[in-house]
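Step one of this worksheet: look at the structure below.
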Amino acid sequence: MHSILEADVVVVGGGPAGINAALAAGRQGARTVLVERYGFLGGMSTIALVYPWMTFHTMDGKRVIGGIAQEIVERLAARGASPGHVRDTCGFVHTVTPYHPEVYKLLALEMLREAGVKVLAHSFMHEAVSETGIIRAVRLATKSGPVELRAKQFVDTTGDADLAFFAGVPVLQGRESDGKTQPMTMKFRMKGVDLQAVKQYMIEHPDEFYRKTPIDELEELPLTAVQGFYKHWKEAGLPINRDQVLFFTGPGEDEIVVNMVRVQGLDGTDVEQLTEAEELGRQQVMMIADFMKRCLPGFAKAEITQVGTQIGVRETRRVVGRYALAMEDVVEGRRFEDVIARSGYPIDIHDPSGKAVQAAWINGDGAYDIPYRCLLPKDIDNLLIAGRCISTTHEALATTRLTPSCMATGQAAGTAAAMAAAQGISPAEVDIRSLQETLTQNGAILV
């Protein structure tokens, strides 16, 4: 026998997009339920150690992400759990935003409780009950048995478009030429790193690091990110298909998070391939940690302290929506009348089969608009999409997938879902000007 629960808005997926969507809906007065399969919230930010958040700013330092995302940063900072937005010392973007993931897990729950949102953790969505273009319910497998969760409006923040896929929404996956997706990465933390020794080596050997690294400013800047050690990596000859070392500092003074594992050619929506990716990722973690201890300055006393609960997934399904954001929209800094979020993060494609990363920066004022139509899937009238799986091309996904952008689209989707539920209309019928006004009143940056 199913337990049956009812709500105005159901958000499936408790990552940053889902947290912000549920907060936005709850604050609008909608009876909101947030569904999460793990026992804690935070999605890739906590499950897979995707750290730090990058970026809230354009390359010129103009902040383009606000609203709930900025509120979370400020509340973390008030608890000593984030320094706020600080310079990116590898120079790929202007700022990064370090945070303490354990504090974020708890803060998210506290904020959701404040907003009156019901959280169902340890709940795995496995079915969508839909008919004639409407989702009636989602079905969950839980410790206490099956649960059927009914609602007026649904928001898919699963990252993999699970809800949309189960409801029959058309989806795409990977690049157009061969369907291959960006590689998966198993991130891990190390402590005992002498970051001053790392910084000194960078200052003395600037040619061994990423060309945008602000070497001349390193004496004054706190070290936040390191990209390079090209000579050391090449000489090591590890069987990992990438061309550089990449790690980020914090949250502790001698801690780093390593972003170097590269698992290619496997499908993150296929259970057997995802299982294989987990093993391959952990094998690479051990190889990389050993290399860093043996070969890199400052790492002689370093040790692994944490490996991701699961492998980090950059790209799987994305919905076919009413508009697909394209690479040209991003690099041209295109504006849209139905803008619901902006982003200053560049195109950042980790090669699905090669070693390199393809990057393209944003022209104009350094930011681009994300239109509301990217959140509206085809074929289902009471569903919104937010986060990594919104409607884009393969190339544009390489920027919209970043956490601050996901937070911003989450707030927009949750706000629109609450408005649609209150008015008894579909999300496509929500007045875009009213939606934009509400988002702006709640701190979102749309201009």
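Here the structure is a predicted model, which means the values were calculated and not measured.
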Inset, instruction - Please answer whether the main-chain N or O of Val96 pairs with a side-chain N or O of Asp88 as donor and acceptor at a distance below 3.5 Å. - result: no
Legend entry - Side chains of Arg317 and Cys389 in contact at under 4.5 Å (non-hydrogen atoms): no
Inset, instruction - Determine the sole option in Arg318, Arg388, Arg314 for which the salt bridge (charged side-chain N to carboxylate O under 4.0 Å, His left out) test with Asp160 is passed. - result: Arg388
Legend entry - Validation row, ring centre Tyr372 to ring centre Phe336 under 6.0 Å: no
Legend entry - Verdict with supporting geometry, Ser45 and Thr403, side-chain contact (heavy atoms from CB on, under 4.5 Å): CA-CA 8 Å; Ser45 290; Thr403 304; 3.9 Å; yes
Inset, instruction - Check each of Glu74, Glu102, Glu110 against Arg79 using the salt bridge (charged side-chain N to carboxylate O under 4.0 Å, His left out) test, and report the only one that passes. - result: Glu110
Legend entry - Tyr51 six-ring centre to Arg189 NZ/CZ under 6.0 Å and within 45° of normal: yes
Inset, instruction - Return yes when atom NZ of Lys355 has more than 12 non-hydrogen atoms of other residues, nucleotides or ligands closer than 6.0 Å, and no otherwise. - result: no
Legend entry - Backbone N/O of Tyr323 and side chain of Ser391: donor-acceptor pair under 3.5 Å: yes
Legend entry - Charged N-O contact under 4.0 Å between Glu71 and Arg27: yes
Legend entry - Straight-line distance of Ile47 CD1 to Lys187 NZ, nearest 0.5 Å: 13.5 Å
Inset, instruction - Given side-chain contact (heavy atoms from CB on, under 4.5 Å), test Val33 with Leu5 step by step and report yes or no. - result: CA-CA 9 Å; Val33 178; Leu5 299 176; 5.9 Å; no
Inset, instruction - Output, in order, the C-alpha distance, side-chain angles, deciding distance and verdict of side-chain contact (heavy atoms from CB on, under 4.5 Å) for Glu278 and Gln310. - result: CA-CA 7 Å; Glu278 297 283 358; Gln310 73 152 75; 3.5 Å; yes
Legend entry - Side-chain donor or acceptor of Asn363 paired with backbone N/O of Val331 under 3.5 Å: yes
Legend entry - Residues, nucleotides or ligands: over 12 heavy atoms within 6.0 Å of Lys191 NZ: no
Inset, instruction - Return the minimal non-hydrogen interatomic distance between Leu49 and Val257, and the atom names on each side. - result: O-CG1, 3.6 Å
Legend entry - Whether Gln153 side chain and Ala417 backbone form a donor-acceptor pair below 3.5 Å: no
Inset, instruction - Ignoring hydrogens and angles, tell me if any N or O in the side chain of Asn382 forms a donor-acceptor pair with the backbone of Ser426 under 3.5 Å. - result: no
Inset, instruction - Please determine if Glu437 and Arg433 form a salt bridge, counting it only when a charged side-chain N lies under 4.0 Å from a carboxylate O. - result: no
Legend entry - Any donor-acceptor pair under 3.5 Å from Asn442 side chain to Thr438 backbone: yes
Inset, instruction - Mind checking the CD1-OG1 spacing from Ile390 to Thr157? Nearest 0.5 Å is all I need. - result: 12.5 Å
Inset, instruction - Decide salt bridge (Lys or Arg N to Asp or Glu O under 4.0 Å) for Glu114 and Arg75; before the verdict, give the C-alpha distance in whole Å, the side-chain angles of both, and the deciding distance to 0.1 Å. - result: CA-CA 14 Å; Glu114 292 168 7; Arg75 291 179 68 161; 2.8 Å; yes
Inset, instruction - Could you grab the distance from atom OG1 of Thr393 to atom CG of Leu172, nearest 0.5 Å is fine? - result: 10.0 Å
Legend entry - 4.5 Å side-chain heavy-atom contact, Met190 and Glu303: no
Legend entry - Note: Arg401-Glu315 ion pair, threshold 4.0 Å (strictly below): no
Legend entry - Met59 and Trp361, any side-chain heavy atoms less than 4.5 Å apart: yes
Inset, instruction - Kindly indicate whether the side chain of Val169, heavy atoms from C-beta on, has any atom under 4.5 Å from the side chain of Phe165. - result: no
Inset, instruction - State, yes or no, whether a side-chain contact exists between Val86 and Pro98 at a heavy-atom distance under 4.5 Å. - result: yes
Legend entry - side chain to side chain donor-acceptor pair (under 3.5 Å) between Asp60 and Thr58, worked out: CA-CA 5 Å; Asp60 292 333; Thr58 66; 5.0 Å; no
Legend entry - Side-chain heavy-atom pair His85, Trp53 within 4.5 angstrom cut-off: no
Legend entry - Under 3.5 Å donor-acceptor, Gln28 side chain and Ala422 backbone: no
Legend entry - Derivation and outcome, side chain to side chain donor-acceptor pair (under 3.5 Å), residues Gln264 and Asn241: CA-CA 8 Å; Gln264 295 170 311; Asn241 201 23; 3.0 Å; yes
Inset, instruction - Taking only Lys NZ, Arg NE, NH1 and NH2, and the carboxylate oxygens of Asp or Glu, determine whether Lys180 and Asp351 approach each other closer than 4.0 Å. - result: no
Legend entry - Main-chain N/O of Val11 paired with Thr32 side-chain donor or acceptor, under 3.5 Å: no
Identify each donor-acceptor pair in which a side-chain atom of residues 119-130 lies under 3.5 Å from a protein atom, sequence neighbours left out, and give them as a table.
{"from": "Ser123", "atom 1": "OG", "to": "Ala121", "atom 2": "O", "distance (Å)": "2.9"}
{"from": "Glu127", "atom 1": "OE1", "to": "Arg139", "atom 2": "NH1", "distance (Å)": "3.4"}
{"from": "Glu127", "atom 1": "OE2", "to": "Arg139", "atom 2": "NH1", "distance (Å)": "3.2"}

Legend entry - Pairwise distance CD(Gln284) to CZ(Phe188) - rounded to 0.5 angstrom: 10.0 Å
Inset, instruction - For the residue pair Phe92 and Tyr345, categorise the inter-ring angle as parallel (less than 30°), tilted (30 to 60°) or perpendicular (more than 60°). - result: tilted
Legend entry - Neighbour count >12 (heavy atoms, 6.0 Å) for atom CD, Glu279: no
Legend entry - Closest contact, heavy atoms only, Ala360 versus Pro346: O-CB, 3.3 Å
Inset, instruction - Find out whether Val357 and Asp348 are in side-chain contact, i.e. whether some heavy atom of one side chain is under 4.5 Å from a heavy atom of the other. - result: yes
Inset, instruction - Indicate the atoms forming the closest heavy-atom contact of Leu325 with Ala396, along with that distance. - result: O-CB, 3.2 Å
Inset, instruction - Give me the ring orientation class for Tyr104 and Tyr99: parallel if the planes are under 30° apart, tilted from 30 to 60°, perpendicular past 60°. - result: perpendicular
Inset, instruction - Please lay out, stage by stage, how Gln227 and Gln244 fare under the test side chain to side chain donor-acceptor pair (under 3.5 Å). - result: CA-CA 7 Å; Gln227 185 174 354; Gln244 62 191 271; 2.5 Å; yes
Inset, instruction - Measure from the side-chain N and O atoms of Asn20 to the backbone N and O of Gln411, and report whether any donor-acceptor pair falls under 3.5 Å. - result: no
Inset, instruction - Please assess Thr89 against Thr224 for the test side chain to side chain donor-acceptor pair (under 3.5 Å), listing each intermediate value before the final yes or no. - result: CA-CA 6 Å; Thr89 56; Thr224 59; 3.3 Å; yes
Legend entry - Inter-residue atom distance Asp338.CG - Arg322.CZ, 0.5 Å rounding: 11.5 Å
Inset, instruction - Check step by step if side-chain contact (heavy atoms from CB on, under 4.5 Å) holds for Val261 and Val263. - result: CA-CA 7 Å; Val261 166; Val263 177; 3.9 Å; yes
Legend entry - Lys/Arg-Asp/Glu bridge criterion (N-O < 4.0 Å) met for Arg335, Asp369: yes
Inset, instruction - Spell out, as yes or no, whether a donor-acceptor pair under 3.5 Å connects the side chain of Thr213 to the backbone of Gly91. - result: no
Legend entry - Between CD1 on residue Ile347 and OG1 on residue Thr399, distance to nearest 0.5 Å: 6.0 Å
Inset, instruction - Output yes when Arg334 and Asp329 qualify as a salt bridge under the 4.0 Å nitrogen-oxygen rule, no when they do not. - result: yes
Legend entry - Side chain proximity check, Val258 to Leu246, heavy atoms < 4.5 angstrom: no
